[in-house]
Amino acid sequence: MTPTASQSRVKSLQRRQAGQILSAAAAIAGLLVLAATSGGFRINMTPSEPLGLWRIVTLRRPPAVGDLVFICPPDTEAMWAARSRGYLRSGLCPGGLAPLIKTVIATAGQGVEIGSHVRVDGILVASSAIARADGKGRSLSPFAGGTVPADTVFLHSRFVGSYDSRYFGPLPVSGILGLAQEVLTYAP
C-alpha cells in the first residue's frame, strides 16, 4: 500500500516539527551549560567527591588546611600522562584539563612524609594509603615528600582511588579557582 500525498505531507510535517523541537532542546541545553559554567557552577562526575552540581565560591584569603577547593592542574607532561591514563578529564583549565575537587591538607612550609600512608607534620592523614598500582594494574609512583614549597598546596581526597598530591605532589596556589560548595550532590 503506497501512502497518499496527504499522508506524505503529514509525515514530512511531523519530522520537521520533531527536528525543530530537538534543535530547540539542544539550544536550551547548550545555553544552560554555558550559563552554569560562566556562573561558577560545575558538574562533578568523579568519585573523589559526591557526584552532582557544585559551585565555585571565590576564595578571598590564602588557602588553608581543610579547604575543599576547585583547582586547575598545571599544564605539565606529568598531568598529561595522568590524562592519558584516564585519571584526569578534559576541561576548561589552561592546557585543556578539567579542574579537580580536592581538600588542602598542607600549605607552604609544612612537612609531608610519604610511606605506606601520608603524614603531615608527623600526623597521619586519614584515608591516605598509598596505592602501588591503579585499578588496571599499572604501577603508581608516590610523590617523594618533603616541605611544601611557597605558593603551593598539598591536596588529598578520602576516596581510595583518588589521584591527588600523594602521586603528583603540591600544586600551585595560582591554580585555585575557589572553594568547592555542594549545590545538589549525591554520594553513592
Checklist line | Shortest non-hydrogen contact from Pro142 toward Arg132 | finding: CG-NH1, 3.1 Å
Notebook entry, point to check: With a 4.5 Å heavy-atom cut-off, do Phe168 and Thr76 have their side chains touching?
Noted result: no
Next item on the list: Using the rule that two of Ile, Leu, Val, Met, Phe, Trp, Tyr join whenever any of their side-chain heavy atoms come within less than 4.5 Å, decide whether Leu51 and Tyr163 are in one cluster.
Entry: no
Next item on the list: Enter the distance from Leu177:CG to Leu59:CG here, rounded to the nearest 0.5 Å.
Entry: 10.5 Å
Margin query: With a sphere of 6.0 Å drawn around CZ of Arg158, does it hold more than 12 non-hydrogen atoms of other residues, nucleotides or ligands?
Written below: no
Item checked: Within one Ile-Leu-Val-Met-Phe-Trp-Tyr cluster: Val69 and Val112, side-chain cutoff 4.5 Å -> yes
Next item on the list: Report yes if some heavy atom in the side chain of Asp164 is under 4.5 Å from a heavy atom in the side chain of Leu100; otherwise report no.
Entry: no
Next item on the list: Indicate the atoms forming the closest heavy-atom contact of Pro74 with Met79, along with that distance.
Entry: O-CG, 3.3 Å
Note to self: Working note: Asp151 + Ser174, criterion side chain to side chain contact (heavy atoms under 4.5 Å, CB included); need CA distance, chi angles, decisive distance, verdict.
What the structure shows: CA-CA 8 Å; Asp151 300 318; Ser174 62; over 6 Å; no
Item checked: Within 6.0 Å of CZ in Arg60, more than 12 heavy atoms from elsewhere -> no
Check: Val173 and Ile101: same hydrophobic cluster, using ILVMFWY side-chain contacts below 4.5 Å?
Finding: no
Checklist line | Side chain to side chain, Thr185 and Asn44, heavy atoms closer than 4.5 Å | finding: no
Check: CD/Glu182 to CG/Leu68 distance, rounded to the nearest 0.5 angstrom?
Finding: 7.5 Å
Margin query: Using side-chain heavy atoms (C-beta onward) and a distance below 4.5 Å, is Leu97 in contact with Asp75?
Written below: no
Item checked: Donor-acceptor pair, side chain of Arg166 and main chain of Ala129, under 3.5 angstrom -> yes
Next item on the list: Could you tell me which non-hydrogen atom of Pro170 sits nearest to which non-hydrogen atom of Thr152, and how far apart they are?
Entry: CB-OG1, 3.6 Å
Check: So does Asp121 have more than 12 non-hydrogen atoms from other groups sitting under 6.0 Å from CG?
Finding: yes
Next item on the list: Look only at the side chain of Arg138 and the backbone of Arg85, and say whether a donor-acceptor pair between them is shorter than 3.5 Å.
Entry: yes
Item checked: Heavy-atom closest contact (Val120 atom, Ala106 atom, distance) -> CG1-CB, 3.9 Å
Note to self: Applying side chain to side chain contact (heavy atoms under 4.5 Å, CB included) to Val118 and His156, what does each step give before you reach the verdict?
What the structure shows: CA-CA 10 Å; Val118 176; His156 177 65; 5.7 Å; no
Next item on the list: Apply the test side chain to side chain contact (heavy atoms under 4.5 Å, CB included) to residues Leu140 and Ile130: give CA-CA distance (whole Å), side-chain angles for both, the deciding distance (0.1 Å), then the verdict.
Entry: CA-CA 9 Å; Leu140 284 171; Ile130 302 298; over 6 Å; no
Item checked: Verdict with supporting geometry, Phe143 and Phe154, side chain to side chain contact (heavy atoms under 4.5 Å, CB included) -> CA-CA 11 Å; Phe143 175 68; Phe154 198 88; 3.8 Å; yes
Checklist line | Distance in Å, Asp67 CG paired with Arg61 CZ, rounded so as to fall on 0.5 Å steps | finding: 4.0 Å
Notebook entry, point to check: Do other residues, nucleotides or ligands put more than 12 heavy atoms under 6.0 Å from the CD atom of Gln17?
Noted result: yes
Check: Is there a donor-acceptor contact under 3.5 Å from the side chain of Arg83 to the main chain of Leu88?
Finding: yes
Margin query: Looking at every heavy atom in both Thr107 and Pro63, which two are closest together, and how far apart are they?
Written below: CG2-O, 3.8 Å
Checklist line | Closest heavy-atom pair and its distance - Pro99, Arg42 | finding: CG-NE, 4.3 Å
Margin query: Parallel, tilted or perpendicular: which one describes the rings of Trp54 and Phe70, with boundaries at 30° and 60°?
Written below: perpendicular
Notebook entry, point to check: Who passes side chain to side chain contact (heavy atoms under 4.5 Å, CB included) against Ser48, sequence neighbours left out?
Noted result: Thr46, Lys102, Ser157, Phe159, Ser162
Note to self: Membership question, hydrophobic clusters at under 4.5 Å side-chain separation (ILVMFWY): are Ile114 and Ile123 in the same one?
What the structure shows: no
Check: Taking atom OG of Ser165 and atom CG of Leu171, what is their separation to the nearest 0.5 Å?
Finding: 5.0 Å
Notebook entry, point to check: Hey, what do you get for CG (Leu184) to CZ (Arg55), rounding to the nearest 0.5 Å?
Noted result: 14.5 Å
